[in-house]
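To keep things clear, I will list the structure first and then write my remarks on it.
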Amino acid sequence: MDLISDGIKERSLLALPIVLLVVTALFQIALTHYSALSPWSGGGFGMFSTLDHGSRRHLHAFVLRPGLRREVIPPEALAEEIQRLLTHPTAARLRFLAKALATVPTPDHGPAEAIQIQVWQTQFDTKTLTPASQILRELVMRIETEN
Amino acid sequence: MTRILHRVEAAGSADLASRLTLLALLLHPVGHSSIRFWILGLAGAGLLIPNFLRRPALWGGLAFLTGSRVVSDWPLSDNHAFLLSYWCLAITLSCYAEDRDRFLAILGRWLIALVFGFSTLWKLVLAPDFIDGTFFRVTLLVDPRFESFTRLAGGLSLEQIEAARYAIERHVDGGTLKGVAAAVPSFRFERLALALTAWTLTIEFALTLAFSWGRSHGTSRLGDVLLIFFCVSTYSVATVEGFGWLLISMGIAQCGPGRMRTRLAFLATFVLILFYREVPWLAWIVTGAGRI
């Protein structure tokens with residue numbers, strides 16, 4: 001009985017890192033398909049298999065006022081958060097960035113109505129390598145003003 | 001020299017793999033400053049303090065630190081970070097095994113098989129821009145790490161690479177750009193990109209099979225040869241040395257005593273990757289060939 005239980009214990013210990021790798025990799029594949037996680041991240045071993053990595057994505061952010069849309073440059077303090085967003089543009093990260101950008105001053109008068117954030121992805125023509133960008137994720141978040 | 005060779009031959013494979021892992025952590029520090037300090041400290045202690053190498057607390061600490069690094073850096077952590085944490089966990093668990101060498105050999109083999117299995121899956125099935133050659137055609141032109149290789153093997157001049165890079169990195173959101181001839185520099189370059197695509201797919205698939213097949217004498221030797229060849233060729237161009245060192249640690253873990261030449265080959269490859277990182281040998285060859 002001791003031998004059997006020792007055998008089971010050893011097999012369980014052996015399985016742990018293997019199961020961890022497999023489960024994480026499968027989870028990563030699911031995330032890349034359903035929530036635009038970059039294949040270069042997440043532990044799925046998709047690095048060096050595709051051109052779709054976080055640094056090849058980019059974002060544009062706009063402050064919206066009645067009749068006006070002004071692009072804003074995110075401050076350097078948000079650089080790491082933006083890198084996380086580009087790698088995995090979830091709704092929560094988009095909202096977090098939008099709230100942070102709502103406080104960035106612009107030269108325009110009057111309260112801002114909304115923040116618009118677009119995450120763009122670049123693909124390349126197979127024959128000519130001509131780049132073409134498309135929106136991967138977009139958020140327009142209304143800004144609530146205090147009365 | 002004979003004494004050193006004898007010690008390499010007689011060393012337990014788990015001990016050898018553990019030492020290489022700690023050495024890799026010192027040569028390629030990982031993590032933010034708060035985590036890095038502790039990882040470096042544990043790695044140094046493991047190598048310097050005589051009985052520390054086999055302590056579960058050492059490896060458990062490293063597994064915890066490397067694992068928490070993956071969690072705190074989410075989603076930015078790359079493959080190396082994940083594999084490192086799995087491997088530190090594997091070594092931790094091996095400290096509790098009755099036959100530590102056998103335990104770690106099994107895990108080393110399966111982790112290698114799964115890494116290359118998933119990598120092959122991505123390249124062959126999940127990433128359409130790999131198998132059609134687009135990945136290497138773009139990467140060889142825009143990634144500065146490949147510049148010397150592209151000039152040497154692709155026969156391109158610096159001006160051709162810069163023109164291609166400019167064409168590929170143009171930026172128009174929502175609009176349409178015209179194709180530019182400079183983005184497709186030469187027939188020789190196109191063939192190189194396709195050859196690299198085929199080669200990478202072939203060797204990674206072969207590694208998956210060799211390490212996941214049974215442990216017969218033939219497949220074991222073939223796997224070792226393929227892994228060494230993969231590391232020698234890949235990391236001469238793609239300087240991702242941390243990952244390469246990790247693969248070598250896993251490879252040597254499943255290389256039992258009495259396989260002296262294979263162990264030496266793994267150790268030599270470890271040193272070779274260090275050479276690749278530290279010495280700009282490709283740039284020297286390009287310069288020497290008068291292509292600048």
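First the proteins, then the strands, lettered A, B, ... as listed; each starts at 1. Remember, it's a predicted structure, so these values are computed and weren't measured experimentally.
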Practice prompt. May I ask you to decide if T126(A)'s main-chain N or O and R137(B)'s side chain share a donor-acceptor pair within less than 3.5 Å?
Written response: yes
Practice prompt. Residue by residue, scan residues 229-246 of chain B and write down, ordered by number, those that have a heavy-atom distance under 4.5 Å to chain A; if none do, write 'none'.
Written response: V240(B), F243(B)
Worksheet item: Are any of the side-chain heavy atoms of W74(B) and H88(A) separated by less than 4.5 Å?
Response: yes
Worksheet item: Do T24(A) and Y86(B) come within less than 4.5 Å of each other through their side chains, counting heavy atoms only?
Response: yes
Discussion item. Please classify the contact of I131(B) with chain A as side chain, backbone, both or neither, using a heavy-atom distance under 4.5 Å.
Written reply: neither
Worksheet, complete the sentence: The reported gap from CG in L14(A) to CG in L107(B) (rounded to nearest 0.5 angstrom) is 5.0 Å
Discussion item. Quick check for you: to the nearest 0.5 Å, what is the distance between L83(B) atom CG and F45(A) atom CZ?
Written reply: 5.0 Å
Worksheet item: Heavy-atom distance under 4.5 Å to chain B: side chain of T32(A), backbone, both or neither?
Response: side chain
Item to complete: Please test W122(B) against I29(A) for side-chain contact (heavy atoms from CB on, under 4.5 Å), starting from the C-alpha separation and ending with a verdict.
Response: CA-CA 9 Å; W122(B) 268 104; I29(A) 291 171; 4.0 Å; yes
Discussion item. Can you confirm whether Q83(A) sits close enough to P75(B) that some side-chain heavy atom of one is under 4.5 Å from a side-chain heavy atom of the other?
Written reply: no
Fill in: Distance, nearest 0.5 Å, that separates CG of D73(B) from OG of S41(A)
10.5 Å
Discussion item. With a 3.5 Å distance limit and no angle check, can you tell me whether R170(B) reaches the backbone of T130(A) through a side-chain donor-acceptor pair?
Written reply: no
Worksheet item: Under 4.0 Å between a Lys/Arg side-chain N and an Asp/Glu carboxylate O for E10(A) and R102(B)?
Response: yes
Discussion item. Under a 4.5 Å cutoff for heavy-atom pairs, which residue among L93(B), L126(B), I106(B), D173(B) has the most contacts with chain A?
Written reply: D173(B)
Practice prompt. Would you mind checking which part of Q28(A) comes under 4.5 Å of any heavy atom in chain B, side chain (CB onward), backbone (N, CA, C, O), both or neither?
Written response: side chain
Discussion item. Does any backbone or side-chain atom of H33(A) lie under 4.5 Å from a heavy atom of chain B? Answer side chain, backbone, both or neither.
Written reply: side chain
Worksheet, complete the sentence: For residues 191-204 of chain B, the side-chain hydrogen bond (donor to acceptor under 3.5 Å, both in side chains) pairs (sequence neighbours left out) are S119(B)-E204(B), K123(B)-E204(B)
Practice prompt. Report yes if the side chains of D129(B) and Q123(A) come closer than 4.5 Å at any heavy-atom pair, otherwise no.
Written response: no
Discussion item. Applying the side-chain contact (heavy atoms from CB on, under 4.5 Å) criterion to L21(A), which one of W110(B), F82(B), F118(B) satisfies it?
Written reply: F118(B)
Worksheet item: Between L86(A) and chain B, which part of the residue has a heavy atom less than 4.5 Å away: side chain, backbone, both or neither?
Response: neither
Discussion item. Just to be sure I understand the criterion: a residue of residues 56-72 of chain A counts if one of its heavy atoms is under 4.5 Å from a heavy atom of chain B. Which ones qualify?
Written reply: R56(A), H58(A), H60(A)
Worksheet item: Can you name the residues that form a side-chain hydrogen bond (donor to acceptor under 3.5 Å, both in side chains) with E147(B), not counting sequence neighbours?
Response: R165(B)
Worksheet, complete the sentence: Looking only at G54(A), A132(A), P39(A), most heavy-atom pairs under 4.5 Å shared with chain B are made by P39(A)
Worksheet item: Are side-chain heavy atoms of P131(A) and E169(B) found at a separation under 4.5 Å?
Response: no
Practice prompt. With rounding to the nearest 0.5 Å, note down the distance linking OG1 in T92(B) to CG in L13(A).
Written response: 11.0 Å
Item to complete: Working to the nearest 0.5 Å, report the span between CD1 of I18(A) and CZ of R109(B).
Response: 9.0 Å
Response to the item:
A127(B) and S49(A) have their tightest heavy-atom pair at CB-O, 3.3 Å
Worksheet entry | Engaged part of T134(B) at the chain A interface, taking heavy atoms whose separation is under 4.5 Å | both
Worksheet item: Taking the inter-plane angle between the rings of W40(A) and F135(B) on a 0 to 90° scale, is it parallel (under 30°), tilted (30 to 60°) or perpendicular (over 60°)?
Response: tilted
Discussion item. As an exercise, state the distance from CD1 of I168(B) to CG of L51(A), rounded to the nearest 0.5 Å.
Written reply: 9.0 Å
Practice prompt. With a 4.5 angstrom heavy-atom cut-off, could you sort out which part of Q134(A) is near chain B: side chain, backbone, both or neither?
Written response: neither
Worksheet entry | Interchain contact, I135(A) with chain B, by part (heavy-atom threshold 4.5 Å) | neither
